[in-house]
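I have placed the structure first, in the form of structure tokens, so that the comments after it can refer back to it.
All of these numbers come straight from a predicted model, not from anything done at the bench.
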Amino acid sequence: MKIYIGVTAYINPEGIQTPKSVTWEDGSVYEIDRVLSAKERGFEICYRVLMYGREKLLFLGEDGRWFVEAPTQSL
């Protein structure tokens, strides 16, 4: 399941976006320490980022909205 989030990003003159911070649904803002990788995944871009010492995955969807995937729960 996709959870849509707010992202502040730097866009360079070539149009490449680099996420700088994330705003969660509750309004909390978290800085991104570093982008570790960015890979195209179909029509989406998957960013592997470091936030407060933890790796997270952020996605830029084909519709231009940013999201994270909700953790799956085991039965």
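- Both Val49 and Tyr52 belong to a single network of hydrophobic side chains, linked directly or stepwise wherever heavy atoms of I, L, V, M, F, W or Y lie under 4.5 Å apart.
- Closest approach of Glu14 and Asn12 over heavy atoms only: N-OD1, 2.9 Å.
- Inter-residue side-chain proximity for Ile5 and Leu58 is flagged as met; some heavy-atom pair is nearer than 4.5 Å.
- Proximity of Ile32 to Val22: side-chain heavy atoms (C-beta onward) are separated by under 4.5 Å at one or more points.
- Residues Ile3 and Glu25 form a side-chain contact, since some pair of their non-hydrogen atoms from C-beta on lies under 4.5 Å apart.
- Met51 CE to Ser21 OG: the interatomic distance, rounded to the nearest 0.5 Å, is 8.5 Å.
- Using a 4.5 Å heavy-atom threshold, the side chains of Val35 and Pro19 count as touching.
- Rounding to the nearest 0.5 angstrom, the gap separating the NZ atom in Lys56 from the CG atom in Leu50 is 10.5 Å.
- Under the 4.0 Å criterion applied to side-chain N and carboxylate O atoms, Lys2 and Glu44 are assigned as salt-bridge partners.
- Open room surrounds CZ on Arg54; 12 or fewer heavy atoms of other groups in view lie less than 6.0 Å from it.
- Think of Phe67 as one node in a network of Ile, Leu, Val, Met, Phe, Trp and Tyr side chains linked at under 4.5 Å; its network also takes in Tyr4, Leu57, Phe59.
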### Query
Given the rule in the side chain to side chain contact (heavy atoms under 4.5 Å, CB included) test, do Lys39 and Tyr47 qualify, once you have shown the distances and angles that lead to the verdict?
CA-CA 7 Å; Lys39 295 183 181 179; Tyr47 292 86; over 6 Å; no
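- In the hydrophobic cluster analysis, where Ile, Leu, Val, Met, Phe, Trp and Tyr join through side-chain heavy atoms closer than 4.5 angstrom, Trp66 is grouped together with Tyr30.
- Between Glu55 and Arg48 there is a side-chain heavy-atom pair separated by less than 4.5 Å.
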